[in-house]
There are 2 protein chains.
Amino acid sequence: MNIVTDPFTIQANYFKALAHPARLQILAILRQGEACVCHLEAILQRRQAYISQQLMVLKEAGLLAERKEGLFVFYSLADPRLGIILDSSLPDVPLPAAPMNGCACPTCVRDG
Amino acid sequence: MNIVTDPFTIQANYFKALAHPARLQILAILRQGEACVCHLEAILQRRQAYISQQLMVLKEAGLLAERKEGLFVFYSLADPRLGIILDSSLPDVPLPAAPMNGCACPTCVRDG
DNA sequence: TCACTATATTCATAACTCTGAATATAATGT
DNA sequence: ACATTATATTCAGAGTTATGAATATAGTGA
């Protein structure tokens, strides 16, 4: 595993991180504000390990910031510029944020 | 092979087309203006079949426009918005357009 | 310390994508 | 019609990525 210096390869790796429906859905959710893993788990209806795996891919690509609060880890977008890319990449199709049900994280419990 | 309607999957397919160094290099060249296959072949130093394959991927993703002129097919960017995405995705690294040598297409012959 | 909960990692296999070689098509001139 | 040139397509094997199951870690409270 060599260090990549070719700018086209670096850029390609960046897009690779974006080239996955579940990861794009996660990013769409995070654009609305930070969220913990359990939150994403409830929205995406996928098992926790799966969510964590996708978060790791996004994190390694440098797309996410994280904040710990007790047991919870809250993820958010590292760079708002990402919003420009996400908007520009799908001119005509709106990206609905899927509805939530049943998350026990502090935010959800407080907000009902 | 079903028709995809999920917006996240559509968007992911879009990024998949971008997630490849050779294709990004092609796009970087096309941002400077249309180019024929032989032109790209000379710049990328890859075999013609390879260039055509990558062009087909970009075309299927809806990124390219084409124009026929005799035996030559000139490709160009379908949507200038793509420039925004390409610029935003690599804030700090300049993308050099590789130097050319030896292309026999009408444009190159005319311009010397 | 122990039990509990939220999140992370590892691993094996399935699924997919890339690549190169060969070949096909399509436009042009003779 | 034939030859030539520019571009497109097909296909198989190599290589990469995704997925689910199992397990590990880390923070919290008793």
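Chain letters run A, B, ... following the sequence lines, proteins first, then strands; residues in each count from 1. FYI, side chains are in, hydrogens and waters are out, and symmetry mates aren't considered; it's all heavy atoms of this structure.
A:Glu41 meets the side-chain hydrogen bond (donor to acceptor under 3.5 Å, both in side chains) test with no other residue; sequence neighbours excluded. Here B:Glu60 pairs with nothing under the side-chain hydrogen bond (donor to acceptor under 3.5 Å, both in side chains) rule; sequence neighbours left out. Judged as a side-chain hydrogen bond (donor to acceptor under 3.5 Å, both in side chains), and not counting sequence neighbours, B:Arg47 has no contacts.
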Sub-3.5 Å pairs of nitrogen or oxygen atoms, protein against nucleotides 15-20 of chain D:
residue: D:dT17; atom: OP1; partner: A:Lys16; partner atom: NZ; Å: 3.3
residue: D:dA18; atom: OP1; partner: A:Arg23; partner atom: NH2; Å: 3.4
residue: D:dT19; atom: OP2; partner: A:His20; partner atom: NE2; Å: 2.9
residue: D:dT19; atom: OP2; partner: A:Tyr50; partner atom: OH; Å: 3.0
residue: D:dG20; atom: O6; partner: A:Gln53; partner atom: NE2; Å: 2.7

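Residue side chain A:Gln48 does not reach the base of C:dA6 through any donor-acceptor N/O pair under 3.5 Å, judged by distance alone.
Following rounding to the nearest Å, A:Glu60 (CD) and C:dA8 (P) show an atom-to-atom distance of 12 Å. Taking atom CG of B:Leu44 as the reference point, atom C1' of C:dC18 lies 16 Å away to the nearest angstrom. We find that CD of A:Glu34 is positioned 12 Å from P of C:dT7, with the value rounded to whole Å. A:Phe15 places its CZ atom 19 Å from the C1' atom of C:dT17, with the value rounded to the nearest Å. Following rounding to the nearest Å, A:Glu66 (CD) and D:dG27 (P) show an atom-to-atom distance of 12 Å. With rounding to whole Å, B:Asn13 atom CG is found 12 Å from C:dC16 atom P. Following rounding to the nearest Å, A:Leu64 (CG) and C:dT7 (C1') show an atom-to-atom distance of 14 Å. One interatomic measurement links the two molecules: CG of B:Leu55 to P of D:dT9, which rounds to 11 Å at whole-angstrom precision.
For the pair A:Phe72 and A:Cys38, the minimum side-chain heavy-atom distance is below 4.5 Å. Contact check for B:Leu64 versus B:Leu77: side-chain heavy atoms found under the 4.5 Å cut-off. Residues A:Leu30 and A:Ser76 are not in side-chain contact: their nearest non-hydrogen atoms beyond the backbone lie 4.5 Å or more apart.
An angle of 20°, rounded to 10°, separates the two end axes of the helix from C:dT1-D:dA30 to C:dT30-D:dA1, each defined over five pairs.
Note on B:Arg67 versus B:Glu69: salt bridge recorded, some NZ/NE/NH1/NH2 to OD/OE distance being below 4.0 Å. Between B:Asp87 and B:Arg31 a salt bridge is recorded (basic side-chain N to carboxylate O distance below 4.0 Å).
OP1 and OP2 of D:dA6 both lie 4.0 Å or more from every side-chain N or O belonging to B:Tyr75.
Once rounded to the nearest 0.5 Å, the distance linking CD1 of A:Ile84 with OG of B:Ser88 reads 5.0 Å.
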For this session: Summarise protein proximity over nucleotides 25-30 of chain C in one line of letters, 5' to 3': B for base, S for sugar-phosphate only, - for none, counting protein heavy atoms closer than 4.0 Å.
Result: --BS--
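Of the residues B:Leu40, B:Val57, B:Val37, the one that meets the side-chain contact (heavy atoms from CB on, under 4.5 Å) test with B:Ser52 is B:Val37.
Ring-plane geometry between A:Phe15 and B:Phe15 is classed as parallel, the angle between the planes falling under 30 degrees on a 0 to 90 degree scale with a further cut at 60.
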